[in-house]
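Accompanying notes for the structure given below.
Whatever order the structure lists ligands and atoms in, that order sets their numbers, starting from 1. Below, each value reflects all heavy atoms present in this structure, side chains not excepted, and no hydrogens, waters or symmetry copies. Counting from 1, the numbers follow the sequence of the chain as shown.
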Amino acid sequence: MGKPKIVVLGAGYAGLKTTRELVKSLAPEEADLVLVNKHNYHYETTWLHEVAAGTLNPNQARFMISDVVNPNRVRLIYDAVVEVNKEDQRVILENGEITYDYLVIALGFESNTFGIKGMEENAYAIVDIDSSREIREHLEYQFAKYKTDENAKESDLSILVGGAGFTGIELLGELVERIPKLCKKYDVDRHKVRIINVEAMPSILPMFDKDLVSYAMQSLEDRGVEFKLGTAINECTEDGFIVGDDNELIEAGTVVWTGGVTGSSVLTESGFELTKGKVTVDGDLRAPGFDNIFILGDCAWVMDEEAGRPFPPTAQAAMQHADTCANNIKAVLRNDPLETFDFDDKGTVASLGVTDGIGNVFSGTALKGKAAAAMKKVVDNRSIYLLGGPKIVLKKGKFRPF
Ligand code: FAD
Ligand code: NAD
């Protein structure tokens, strides 16, 4: 029998780290490794709100996969996955197909509009480098157009952010830094630019305690964000959001939906049994009923058995999934017992721009302001260290003083 072929789908936090761990722990004679990704680069999803607002150059948020994975050891395929045929152990790609003995599905998330009328057609979403760069370009275009197009309205300068979860709040934190710069560049009065957040729940970021939440809201309001809490978005049109019980239209030239995400649609195409768009995996991270398929990161619900609910889907968790998955693939190949995933929660930090933030770290230490912002940079640099090593940290790390 030939060598087993391990195919990893997706070079995000989960897929790239799994691949690097497998390279380290398996001898070349033990298995052939293949990594499939849509692009020839990895991007830091957790930095995309900065790319979208225009406070970070898109190139700083990505690096070439071949710089961190040796192409002589791992076959790199840059193509989009369409479907997994589990019975034939084949992956259908946009431009071909590939067979596997062991499969790791780590294709991340997609924006979820929950079927809200017009949202997909009329709102931008932060999903990858291309979609984030598009927001950045569109935003700037609104300013350029306002100065030259006699039909331009003041509301064209307004920015609507739908949803006050982590992504929405972190985007607002970057926008309040970016907008004054755009105003200066295009000679626009700052008071003409509204930044409005609409959130259905009565509070932003409900996972933080009240103190931190009111700190975050105050910080953003002081820098010009208007919050409309307890207000559901009912529809998105070309002109903006229609919200609340009386269907008020809030007009804006830039509309971004940050109201939720779901697992890759490849899971649906492949006929997996799904709960809210993701596969509830076994404790060893395998898909129920498939001994040779592991599902990681934002494609998976991994149950916290103690709490009786899934662990939150984060980059932190995705990289830890990768370690367990690589260990378990090695265990399967060597007939050793498999391990059960155990989440080591290092805490959570939400940035509110370059110099501000809130967080809970080290089992309950609350952080706010510059301390939280500094911690966020440590987390960001640690992430690229784990995925790319010291060279990538030196090239792409965040060392901006504040
Ligand atoms: P990803 O890292 O998204 O990687 C998926 C990979 O698969 C990508 O390379 C993609 O190009 C590729 N891919 C997708 N579809 C296909 C296809 N069909 N074919 C081929 N390739 C494909 N979490 C934290 O822990 N801390 C944070 O501070 C944080 N900040 C965030 C900020 C933002 C703006 C967002 C949107 C999310 C943030 N998260 C954060 C959540 C975190 O980014 C996700 O939980 C994490 O990215 C999941 O990792 P993953 O490996 O499953 O997917
Ligand atoms: P989310 O689901 O956490 O938040 C979406 C928000 O949109 C919610 O507050 C929800 O009430 C609101 N919403 C939904 N429908 C609405 C409607 N019709 N009208 C008004 N409001 C509506 O989504 P997210 O912020 O994209 O986060 C996705 C995942 O990524 C989460 O698991 C999060 O933990 C993770 N993440 C983490 C960080 C971090 O750790 N710093 C940053 C970004 C994202």
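- If you number the atoms of ligand 2 from 1 as listed, the ones under 4.0 Å from a heavy atom of Gly165 come out as 4 (O), 6 (C), 9 (O), 25 (O).
- Looking at atom 29 (C) of ligand 1, its nearest protein heavy atom turns out to be Thr46 CG2, 3.2 Å.
- Residue Val349 touches ligand 2 through its backbone alone, judged by heavy-atom distances below 4.0 Å.
- Lys376 NZ, 2.5 Å is the protein heavy atom nearest to atom 28 (O) of ligand 1.
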Name each donor-acceptor pair under 3.5 Å that joins a side chain in residues 288-299 to protein atoms two or more places apart or in another chain, with its distance.
from, atom 1, to, atom 2, distance (Å)
Asn292, ND2, Gln89, OE1, 3.1
Asn292, ND2, Asp101, O, 3.1

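- For ligand 1, the polar-atom distance check against Val81 finds a nitrogen or oxygen pair separated by under 3.5 Å.
- No hydrogens or angles considered: nothing links the side chains of Arg136 and Ser132 as a donor-acceptor pair under 3.5 Å.
- Between Pro312 and ligand 2, no pair of N/O atoms sits closer than 3.5 Å.
- For ligand 2, the atoms closer than 4.0 angstrom to any heavy atom of Glu170 are 41 (N), 42 (C).
- For Leu107, the closest heavy-atom approach to ligand 1 falls below 4.0 Å.
- No part of His42 comes within 4.0 Å of ligand 1, judged by heavy-atom distances.
- The nearest protein atom to atom 34 (C) of ligand 1, hydrogens excluded, is given as His49 ND1, 3.6 Å; this is a heavy-atom distance.
- Selection from Thr45, Leu48, Leu9 by nearest heavy atom to atom 33 (C) of ligand 1 gives Thr45.
- Taking all heavy atoms of His49, Glu199, Met201 into account, the minimum distance to atom 12 (C) of ligand 2 is reached by Glu199.
- Put simply, part of Thr231 is less than 4.0 Å from ligand 2, judged by heavy atoms.
- Stacking of Lys398 on the aromatic ring of Trp47 is recorded, both the 6.0 Å distance cut-off and the 45° axial limit being met.
- Atom 24 (C) of ligand 1 has its closest protein heavy atom at Ala315 N, 3.4 Å.
- Note: no N/O pair closer than 3.5 Å links Gly163 and ligand 2 by distance alone.
- Residue contacts with ligand 1, taken as heavy atom pairs separated by less than 4.0 Å, involve Asp79 solely via the backbone atoms N, CA, C and O.
- The side-chain contact (heavy atoms from CB on, under 4.5 Å) with Val84 is formed by just one residue from the set Ile92, Leu267, Leu107, Leu9; it is Leu9.
- Residues passing the side-chain hydrogen bond (donor to acceptor under 3.5 Å, both in side chains) test with Glu140, sequence neighbours excluded: Arg178, Lys185, Tyr186.
- A distance below 6.0 Å separates the ring centres of Phe166 and Phe208.
- Contacts between Thr258 and ligand 2, counted as non-hydrogen atom pairs separated by less than 4.0 Å, involve the backbone only.
- Within the listing of ligand 2, atoms 18 (N) sit less than 4.0 angstrom from a heavy atom of Ile116.
- Shown in contact with Lys376 at under 4.0 Å from a heavy atom are these atoms of ligand 2, numbered in order with element: 41 (N).
- Counting only N and O atoms by type, the side chains of Ser265 and Glu110 include a donor and acceptor under 3.5 Å apart.
- Considering backbone and side-chain N/O of Trp257, none are found under 3.5 Å from N/O of ligand 2.
- Under 4.0 Å from ligand 1, heavy atoms of Ala14 appear from its side chain as well as its backbone.
- In terms of polar-atom proximity, defined here as any N/O pair under 3.5 Å, Gly168 makes no such contact with ligand 2.
- Under the 3.5 Å distance criterion, with hydrogens and angles disregarded, a donor-acceptor pair is assigned to the side chains of Asp128 and Ser131.
- Listed by number with element, the atoms of ligand 2 under 4.0 Å from a non-hydrogen atom of Ile233 are 17 (C), 18 (N), 19 (N), 20 (C).
- The nearest heavy-atom contact from the protein to atom 43 (C) of ligand 2 is Phe166 CB, 3.1 Å.
- Which parts of ligand 1 touch Gln316 is read off a 4.0 Å heavy-atom cut-off, strictly below it: atoms 25 (O).
- Taking distance alone, with nitrogen or oxygen atoms compared against 3.5 Å, Thr348 stays at or beyond that limit from ligand 2.
- Between the side chains of Asp130 and Tyr43, no donor-acceptor pair is found at a separation under 3.5 Å.
- Below 30°, between 30° and 60°, or above 60°: for Tyr141 and His138 the angle between ring planes is between 30° and 60°, a tilted geometry.
- If you check each of Thr167, Leu229, Ile204 against atom 25 (O) of ligand 2, the one with the closest non-hydrogen atom is Thr167.
- For the atom pair CG (Leu285) and CD (Gln320), the distance works out to 11.0 Å, reported to the nearest 0.5 Å.
- Each of the following atoms of ligand 1 lies closer than 4.0 Å to a heavy atom of Gly108: 5 (C), 52 (O), 53 (O).
- Closest to atom 44 (C) of ligand 1, if we only count protein heavy atoms, is Asp298 OD2, 3.3 Å.
- Polar contact with ligand 1: present for Tyr43 (N/O pair, distance under 3.5 Å).
- Distance CD1/Ile65 to CG/Leu387: 11.0 Å, rounded to 0.5 Å.
- Protein heavy atom closest to atom 46 (C) of ligand 1, with residue, atom name and distance, is Tyr13 CD1, 3.7 Å.
- When hydrogens are left out, the protein atom nearest atom 7 (O) of ligand 1 is Gly10 CA, 3.5 Å; that is the closest non-hydrogen contact.
- What sits closest to atom 6 (C) of ligand 1 on the protein, heavy atoms only, is Gly12 N, 3.6 Å.
- Inspection of the Thr55 and Glu174 side chains reveals an N or O donor paired with an N or O acceptor under 3.5 Å.
- A distance of 10.0 Å separates CD in Glu121 from CD in Glu238, rounded to the nearest 0.5 Å.
- Residue Ala200 has at least one N or O atom closer than 3.5 Å to an N or O atom of ligand 2.
- For ligand 1, the polar-atom distance check finds no N/O of Gly297 at less than 3.5 Å from any of the ligand's N/O atoms.
- Annotation: Thr167 places no N or O atom under 3.5 Å from an N or O atom of ligand 1; distance criterion only.
- Interface of Ala80 with ligand 1, defined as ligand atoms under 4.0 Å from a residue heavy atom, comprises 19 (N), 20 (C).
- In this structure, Lys391 fails the cation-pi test against Phe63, since its NZ or CZ atom is not both closer than 6.0 Å to the six-membered ring centre and inside 45 degrees of the ring normal.
- For the salt bridge (charged side-chain N to carboxylate O under 4.0 Å, His left out) with Asp67, the qualifying choice from Lys395, Arg20, Arg62 is Lys395, the only one to do so.
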*Test salt bridge (Lys or Arg N to Asp or Glu O under 4.0 Å) on Arg334 and Glu30 and set out the steps.*
CA-CA 9 Å; Arg334 296 179 185 173; Glu30 271 180 292; 2.8 Å; yes
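- Taking only nitrogen or oxygen atoms, main chain and side chain alike, Asn37 reaches within less than 3.5 Å of ligand 1.
- Atoms CG and CD, from Asn327 and Glu339 in turn, are 4.5 Å apart once rounded to the nearest 0.5 Å.
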